[in-house]
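Step one of this worksheet: look at the structure below.
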Amino acid sequence: MAPMSDECVFCGILSGSLPSVRIAEDDQTYAFMDINPATDGHLLVIPKRHSRDLLDIPADDLTAVTLAAQRIAGFVVSELGADGVNLLNCCGADAWQTVFHFHLHVIPRYIDTSKDRLVLPWQPGIRGEMNTIASLGERLAAACAGMD
């Protein structure tokens, strides 16, 4: 983990060399509007210290970003009239990460589709193959067993 990266767009926003529409800021986090919004009011919350992704970010920065996103989500509902909120993190290029500085998307959701262009990339309610679910679950449980 580095304090800032010269090649990182979000570090450029933090340094002031790139513009942003600031929403909120504290000692550890910075929140700003997404310039490629999926819905009206879509914004990002980032740590001030550069971390590449979810696997790189220190726990204290992850906690600070998550708590800031939670606070801002409340204002998305109360001030923008959102009907719900999604928090989204993409970790790795194959998981749609395009800026390699950890960030949480705070995405207001609206019943009104003129404000909300986001659709689910999978169909909830379609049950998976139970043997595969159990097998993968056992592998993950075994890997996590040392965390306790």
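Treat the numbers as computed from the prediction; the structure is a model and nothing was measured. Position 1 is the first residue of the sequence, and the numbers go up from there.
- For Asp94, the CG atom counts as loosely surrounded, since its 6.0 Å shell holds 12 or fewer non-hydrogen atoms of other residues, nucleotides or ligands.
- The two residues Gln97 and Gly92 have their closest heavy-atom pair at OE1-N, 2.7 Å.
- What you find for Phe102 and Pro47 is that their closest heavy atoms are O-CD, 3.2 Å.
- In this structure, Thr39 contributes its side chain and Arg109 its backbone to no donor-acceptor pair below 3.5 Å.
- Taking each heavy atom of His50 and Cys11 in turn, the nearest pair found is ND1-SG, 3.4 Å.
- For the pair Met33 and Ile23, the minimum side-chain heavy-atom distance is below 4.5 Å.
- The distance from atom CG of Leu44 to atom CD1 of Ile107, rounded to the nearest 0.5 Å, is 8.5 Å.
- The residues Arg49 and Asp60 are annotated as salt-bridged, a charged nitrogen and a carboxylate oxygen being separated by less than 4.0 angstrom.
- Residues Val21 and Val45 share a hydrophobic cluster, clusters being chains of Ile/Leu/Val/Met/Phe/Trp/Tyr side chains in contact below 4.5 Å.
- We find the CD1-CZ distance between Ile57 and Arg52 to be 14.0 Å, quoted to the nearest 0.5 Å.
- A 6.0 Å sphere centred on CD1 of Ile111 holds no more than 12 heavy atoms belonging to other residues, nucleotides or ligands.
- A side-chain donor-acceptor contact under 3.5 Å links Lys48 to the backbone of Asp26.
- Under the 4.5 Å side-chain criterion, counting only non-hydrogen atoms from C-beta, Leu88 is not in contact with Leu104.
- A donor-acceptor pair is defined here as one N or O able to donate and one able to accept, closer than 3.5 Å; no such pair exists between the side chain of Gln123 and the backbone of Ile126.
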Going through the distances and angles, do His105 and Asn86 end up as a side chain to side chain contact (heavy atoms under 4.5 Å, CB included)?
CA-CA 8 Å; His105 294 260; Asn86 286 122; over 6 Å; no
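- Both Leu18 and Leu14 belong to a common hydrophobic cluster when Ile, Leu, Val, Met, Phe, Trp and Tyr are linked at side-chain heavy-atom distances under 4.5 angstrom.
- Taking the ring centroids of Phe32 and Phe10, they lie under the 6.0 Å cut-off.
- Under a cut-off of 6.0 angstrom, the local environment of CZ in Phe75 is sparse, with at most 12 non-hydrogen atoms contributed by other residues, nucleotides or ligands.
- Counting all heavy atoms, side chain and backbone alike, Ala24 lies closest to Ile72 at CB-CD1, 4.2 Å.
- Minimum interatomic distance between Tyr110 and Asp116 (heavy atoms only, all atoms of both residues): N-OD2, 2.8 Å.
- Judged by distance alone, with hydrogens and angles left aside, the side-chain atoms of Thr63 form a donor-acceptor pair with the main-chain N or O of Ala59 at under 3.5 Å.
- Summarising the local packing, CG of Leu55 is surrounded by more than 12 heavy atoms from other residues, nucleotides or ligands at distances under 6.0 Å.
- Between the CG atom in Leu54 and the CG atom in Leu62 there is a gap of 6.5 Å [rounded to 0.5 Å].
- No side-chain heavy atom of Leu80 sits under 4.5 Å from any side-chain heavy atom of Asp40.
- Here the closest non-hydrogen pair linking Asp56 and Ser51 is OD2-CA, 3.2 Å.
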Would you check, one step at a time, whether the test side chain to side chain contact (heavy atoms under 4.5 Å, CB included) holds for Thr29 with Ile46?
CA-CA 6 Å; Thr29 68; Ile46 64 173; over 6 Å; no
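- Annotation: the span from Ile35 atom CD1 to Leu43 atom CG amounts to 13.5 Å, rounded to 0.5 Å.
- Here the straight-line distance linking atom NE2 of His42 with atom CG of Asp34 works out to 4.0 Å at 0.5 Å rounding.
- The structure places OG1 of Thr113 at 12.5 Å from CG of Leu118, a figure rounded to the nearest 0.5 Å.
- In Glu25, the CD atom is crowded: over 12 heavy atoms of neighbouring residues, nucleotides or ligands sit closer than 6.0 Å.
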